[in-house]
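Computed over heavy atoms, backbone and side chain alike; hydrogens, waters and symmetry mates excluded. Order of the sequence lines fixes the chain letters, A, B, ..., with proteins taken first and strands second; residue numbering starts at 1 for each chain.
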Amino acid sequence: MEMTGAQMVIEAMKLEGVDTVFGYPGGAIMNVYDEMYKQKDFKHILTRHEQAAVHAAEGYARSTGKVGVAFVTSGPGFTNAVTGLATAYMDSIPLVVISGQVPITLIGTDAFQEIDATGISRSCTKHNYLVRSASELPLILKEAFYIASSGRPGPVHVDIPKDVTAELAKFDYPTRVDIPTYRPTTKGNVRQIKKAAEAICKAKRPVFYLGGGIIHSGSADLVREFVKATQIPAVETLMARGTLRHDDPLLLGMVGMHGTYQANMAMSEADLMIALGPRFDDRVTGKLSEFAKHAKIIHVDIDPSSIGKLVDVDYPIVGDLKEVLEVMIPKVKEQVDPDRYQPWREILKRYNEIHPLGYEDSDKVIKPQWVIERVGELLGEDAVISTDVGQHQMWTAQFYPFTFPRQFITSGGLGTMGFGFPAAMGVKRARPEKISVNFTGDGSILMNIQELVTAVESRLPVINIILNNHYLGMVRQWQTFFYEKRYAETDLSFQPDFVRLAEACGGIGYRVETKDEFDEALKDAVEKGVVAMIDVVVDRNENVLPMVPSGGTLYNMMLEFKD
Amino acid sequence: MKVERRIISVIVQNEHSVLARITGLFAARGYNIEALTVAPIPESDMSRLTIETRGNVRVIEQIIKQLHKLIPTYKVIEHEEMIEKEMVMMKFPINESLSSIQALCQAYNGGIANVSSQHIITMVADEPKRVKHFIEAAQRFHPVEIVRGGVVAMERE
Ligand SMILES: Cc1ncc(C[n+]2csc(CCOP(=O)(O)OP(=O)(O)O)c2C)c(N)n1
Ligand SMILES: [Mg+2]
């Protein structure tokens with residue numbers, strides 16, 4: 001069938017089962033918007049900034065595992081979207097972002113709203129395309145969805161010149177793709193898996209190091225089974241939160257810069273590290289030469305370049321985690337003796353008794369950690385939790401009682417302030433049965449505050465909870481610890497009236513200064529089911545602890561800070 | 001860790017921007033490209049790149065893996081032992097001794113490529129180390145221009 005490039009884009013969305021596109025129109029992509037106007041198969045959500053469109057698509061993708069889609073125009077539309085692409089790239093999130101481009105005839109002439117979009121996105125996407133004729137569009141779109149979601153997932157950018165969207169060509173959408181140069185290894189090497197299984201059974205102090213790859217590959221159930229069968233303790237990275245239930249006795253908590261004492265000690269004293277889909281980020285490992293010094297390392301990852309990148313690995317296994325675990329778990333089960341690790345579990349238990357994760361609550365002022373715990377008590381597994389970036393993000397990771405994978409939506413690798421609110425809109429769109437909560441900061445929320453309008457208009461009742469410390473808190477904390485309290489540009493005492501701001505956009509706002517007020521506000525917001533902004537005044541001097549200073553060693557944690 | 005010189009051959013889908021992807025990968029990660037040659041592979045839609053680079057074992061390993069990871073990359077070939085050749089062209093003033101220059105070129109698998117009223121152009125294709133020696137030896141004929149072609153390489157077996 002002949003159709004225009006713009007029609008092809010719309011048809012491809014239908015054939016890929018896309019039900020939502022987030023985006024923002026403009027000159028170069030108008031043909032696509034015009035075709036979209038004529039159909040009812042998917043809904044377009046008009047964000048009020050392209051960055052938010054991409055983050056919303058990320059929220060959609062992160063909470064479901066499906067490919068998130070965003071449309072933007074050329075030039076500034078595209079450059080606004082770059083932060084979203086980079087955020088998705090760092091966390092391996094499957095997206096297809098389609099941008100308009102000036103007509104091919106004008107490319108290279110510094111035309112109005114021309115920018116070398118694929119040149120810019122090359123380093124922050126898994127792959128990108130500049131489409132040069134409508135006839136190549138069907139295959140490119142098919143490949144884009146395939147590449148985004150297969151292997152190690154990631155964002156794919158498709159840049160389509162305006163004349164290509166108007167050009168007629170035959171539309172023959174491929175049913176499958178075969179890219180001879182791209183064939184991710186999914187099956188792990190069986191001999192290597194067997195060796196790893198033996199190492200697990202022979203170890204004395206093994207620890208599971210659970211990473212984001214578990215979430216991407218949908219293997220949390222298998223991991224739960226693995227942990228249960230072996231009774232080997234486990235730590236989770238920021239991106240793996242929700243893999244194990246928060247109340248699993250074998251879960252040692254989060255690992256890394258703001259990890260628990262027992263988790264970081266387990267990493268430091270283990271004799272075997274079973275790394276399932278993590279990437280040995282510097283926020284996790286601390287000083288590399290001291291990291292897991294006594295441990296042999298098993299590392300399973302679908303991306304070969306992840307293995308051995310920073311740390312030498314003794315049992316490298318390239319493959320899809322799910323497929324590898326399906327082979328590895330039965331092999332381990334055959335020979336494992338869970339009692340063997342009892343003394344090790346005892347040691348870790350003692351570590352936790354000496355330095356449990358906690359905070360000192362107060363009657364005078366609300367502690368940010370209390371708010372998170374309280375939301376956990378009140379909403380628990382009914383909520384999907386997004387965050388912005390800063391102290392509130394770390395406290396959420398530490399204190400929210402996560403119970404299922406994809407319950408925690410956060411920008412880990414890039415640490416993008418402004419991510420949380422639009423992401424939470426994407427979550428609400430993808431999982432309407434859940435309560436979509438965004439824990440945010442008084443700094444971060446302003447980085448995509450215009451989305452109040454989108455959320456109200458598109459009926460995406462996100463509950464934003466601002467843990468308002470009147471600071472760029474995380475930076476302030478570093479200034480307190482490492483810069484002798486020279487608070488350069490981190491004091492946010494001057495603030496908007498968040499309640500009125502929310503209301504001006506059609507949402508509902510609450511100002512909260514006591515615990516009772518908080519309970520009331522949250523209950524009211526949940527009941528009303530509208531876009532809410534709960535501005536909680538919290539202790540502004542609270543620090544995130546424990547802390548491994550940047551470049552420090554995991555076993556050398558700051559456990560408290562006294563003035 | 002010891003810094004080593006390595007030759008890496010990459011076979012890629014012959015599409016626009018593929019070279020940018022590869023050089024971008026090196027630039028973004030701070031890896032070095034000492035020399036680079038590219039040409040299409042006859043009767044295919046692939047191109048072959050030969051990259052001369054330097055780095056310690058871990059860096060070289062990352063480079064190879066990252067090259068693999070690029071979607072248009074078909075194959076990455078890296079061997080301790082590759083048969084390497086490099087071509088160099090040199091231009092000399094005509095008043096230098098033509099026969100001496102010719103003899104030198106012949107000693108390095110080369111010859112005279114062109115003679116004009118003012119200049120002699122020679123070309124030599126040999127192993128990179130020998131090309132270096134040739135250039136050193138040719139200095140006494142006062143070359144006015146040197147163009148090196150970058151390494152091409154093949155596996156022995
Ligand atoms: C876009 C962007 N700019 C700057 C930073 C650096 N940064 C990290 S945390 C932080 C403070 C965030 O403040 P707030 O949102 O109030 O959260 P808090 O730490 O106070 O909980 C800043 C500025 C960042 N992560 N992202
Ligand atoms: Mg703050």
Side-chain angles (χ1 to χ4, degrees), chain A residues 86 89 92 104 107-108 116-133 136 139-140 143-144 146-148 150-159 177-185 279-280 288-289 301-313 316 318, chain B residues 1-2 4 6 8-33 36 38-51 53 55-78:
Chain A
Y89 183 61
S92 310
I104 291 187
I107 287 183
D116 174 13
T118 49
I120 291 173
S121 69
R122 196 172 294 130
S123 53
C124 57
T125 52
K126 180 170 172 184
H127 197 51
N128 62 12
Y129 298 88
L130 171 60
V131 184
R132 294 191 304 170
S133 81
E136 55 178 44
L139 182 61
I140 286 179
E143 283 187 3
Y146 173 68
I147 290 171
S150 57
R152 179 178 179 170
V156 177
H157 167 218
V158 183
D159 197 31
V177 244
D178 177 43
I179 309 171
T181 56
Y182 173 70
R183 299 229 166 92
T185 315
R279 58 185 187 86
F280 294 77
L288 276 173
S289 57
D301 205 295
I302 193 146
D303 178 1
S305 74
S306 226
I307 299 181
K309 180 174 67 176
L310 295 152
V311 174
D312 289 327
V313 170
V318 177
Chain B
M1 269 187 269
K2 211 177 92 217
E4 296 169 24
R6 276 301 163 87
I8 301 170
S9 297
V10 196
I11 297 176
V12 294
Q13 195 79 40
N14 199 354
E15 56 190 36
H16 72 281
S17 83
V18 64
L19 193 57
R21 286 183 207 282
I22 289 178
T23 52
L25 183 160
F26 278 77
R29 292 171 186 268
Y31 305 147
N32 247 333
I33 296 181
L36 171 68
V38 199
I41 298 175
E43 281 161 52
S44 81
D45 53 0
M46 302 271 177
S47 278
R48 185 179 178 119
L49 287 91
T50 311
I51 303 168
T53 184
N56 63 39
V57 189
R58 176 163 284 152
V59 166
I60 301 281
E61 195 186 307
Q62 259 306 301
I63 291 176
I64 292 166
K65 286 177 170 176
Q66 292 294 340
L67 285 167
H68 255 298
K69 203 167 147 178
L70 294 174
I71 307 287
T73 300
Y74 181 66
K75 208 169 163 188
V76 182
I77 304 160
E78 189 265 347

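- For the pair A:Gly308 and B:Arg58, the tightest heavy-atom approach, listed with the atom from each and the gap, is O-NE, 3.5 Å.
- A:Arg122 places none of its side-chain heavy atoms less than 4.5 Å from the side chain of B:Leu25.
- To the nearest 0.5 angstrom, A:Tyr129 atom OH is 7.0 Å from B:Ile71 atom CD1.
- Under a 3.5 Å cut-off, the side chain of B:Lys65 and the backbone N or O of A:Ile307 do form a donor-acceptor pair.
- Here OH of A:Tyr182 is found 14.5 Å from NE2 of B:His68. Values are rounded to the nearest 0.5 Å.
- Per-residue counts of heavy-atom pairs under 4.5 Å with chain B were compared for A:Asn128, A:Leu130, A:Ile179; the largest is that of A:Asn128.
- In this structure, B:Pro72 and A:His127 have side chains that are in contact, with non-hydrogen atoms separated by less than 4.5 Å.
- The environment of OH in A:Tyr146 is crowded: more than 12 heavy-atom neighbours from other residues, nucleotides or ligands sit within 6.0 Å.
- Atoms CD and OG, from B:Gln62 and A:Ser306 in turn, are 8.0 Å apart once rounded to the nearest 0.5 Å.
- For A:Ile147, the part lying near chain B is the side chain, with the backbone staying farther off; criterion is any non-hydrogen pair under 4.5 Å.
- With a threshold of 4.5 angstrom between heavy atoms, B:Ala20 approaches chain A through its backbone and through its side chain.
- Identified by a heavy-atom distance below 4.5 Å to chain A, the contributing residues of residues 9-17 of chain B are B:Gln13, B:Glu15, B:His16, B:Ser17, in residue-number order.
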Identify every side-chain donor-acceptor pair in residues 152-159 of chain A under 3.5 Å, counting partners at least two apart or on other chains, and give the distances.
from: A:Arg152; atom 1: NE; to: A:Ser92; atom 2: OG; distance (Å): 3.0
from: A:Arg152; atom 1: NH1; to: A:Asp303; atom 2: OD2; distance (Å): 2.7
from: A:His157; atom 1: ND1; to: A:Ser121; atom 2: OG; distance (Å): 2.8
from: A:His157; atom 1: NE2; to: A:Ser99; atom 2: OG; distance (Å): 2.7
from: A:Asp159; atom 1: OD1; to: A:Ser99; atom 2: OG; distance (Å): 2.6
from: A:Asp159; atom 1: OD2; to: A:Gln101; atom 2: NE2; distance (Å): 2.8

